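Working notes, beginning with the structure itself.
Treat the numbers as computed from the prediction; the structure is a model and nothing was measured.
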Amino acid sequence: MTAVPVTRRPGGLQAFKMVLTGDARGPEPDPRVHEGYEWLYILNGRLRLVPGDKDFELRPGEAAEFDTHTPHWFASTDGKPVEFISLFGQPGERMHVRARPKPS
């Protein structure tokens with residue numbers, strides 16, 4: 001897996017462009033935990049994401065977020081590379097996403 005920092009500021013939210021080769025991980029999940037909160041946005045390819053007891057396939061344009069204290073694992077679903085943006089935040093931090101425009 002290749003991780004290229006998008007930002008270099010110390011502390012706070014960290015952004016990375018990730019490229020996961022298709023053969024980077026085996027087909028069986030090996031979940032891990034760590035400090036923080038993570039958001040993923042798929043740019044290209046298909047990503048299998050297993051947070052806790054759930055199992056998702058994410059495609060380009062789809063996103064996911066989860067507390068990284070939840071055991072999680074991800075890999076390519078089809079053996080091809082996957083490109084995605086990953087944002088890591090502090091524990092308890094949440095992204096503010098506006099679902100609809102503010103009324104004018």
Rounded to the nearest 0.5 Å, how far does OG of S86 lie from CD of Q14? 10.5 Å
SB check E57 R48 (cutoff 4.0 Å): no
Is the F88 ring parallel, tilted or perpendicular to the F16 ring (thresholds 30°, 60°)? perpendicular
Quick check on the hydrophobic clustering: are V6 and L43 connected, directly or via other members, by side-chain heavy-atom contacts under 4.5 Å? no
Residues F84, L47; criterion side chain to side chain contact (heavy atoms under 4.5 Å, CB included); working and verdict: CA-CA 9 Å; F84 57 98; L47 183 77; 4.2 Å; yes
G45 and P60 have their tightest heavy-atom pair at O-CD, 3.2 Å
Calculate, to the nearest 0.5 Å, the distance between atoms CG and OH belonging to L58 and Y41 respectively. 11.5 Å
Could you measure the distance from the NE2 atom of H72 to the CG atom of D30? Nearest 0.5 Å is fine. 11.0 Å
Is any side-chain heavy atom of S76 closer than 4.5 Å to one of R46? no
Could you tell me the separation between the CD atom of E83 and the CE atom of M18, rounded to the nearest 0.5 Å? 12.0 Å
Distance-minimising heavy-atom pair for L49 and A64: CD2-CB, 3.6 Å
Is the closest side-chain donor-acceptor distance between T68 and E35 under 3.5 Å? no
My understanding is that only residues two or more places apart in sequence, or in another chain, count here; which of them pass side chain to side chain donor-acceptor pair (under 3.5 Å) with K54? none
Rounded distance [0.5 Å steps], CH2 in W73 versus CG in D55: 8.0 Å
State, yes or no, whether a side-chain contact exists between V50 and F74 at a heavy-atom distance under 4.5 Å. no
Decide yes or no on side chain to side chain contact (heavy atoms under 4.5 Å, CB included) for I85 and L40, but give the supporting numbers first. CA-CA 6 Å; I85 299 295; L40 304 174; over 6 Å; no
To the nearest 0.5 Å, what is the distance between CZ (R32) and OG1 (T70)? 16.0 Å
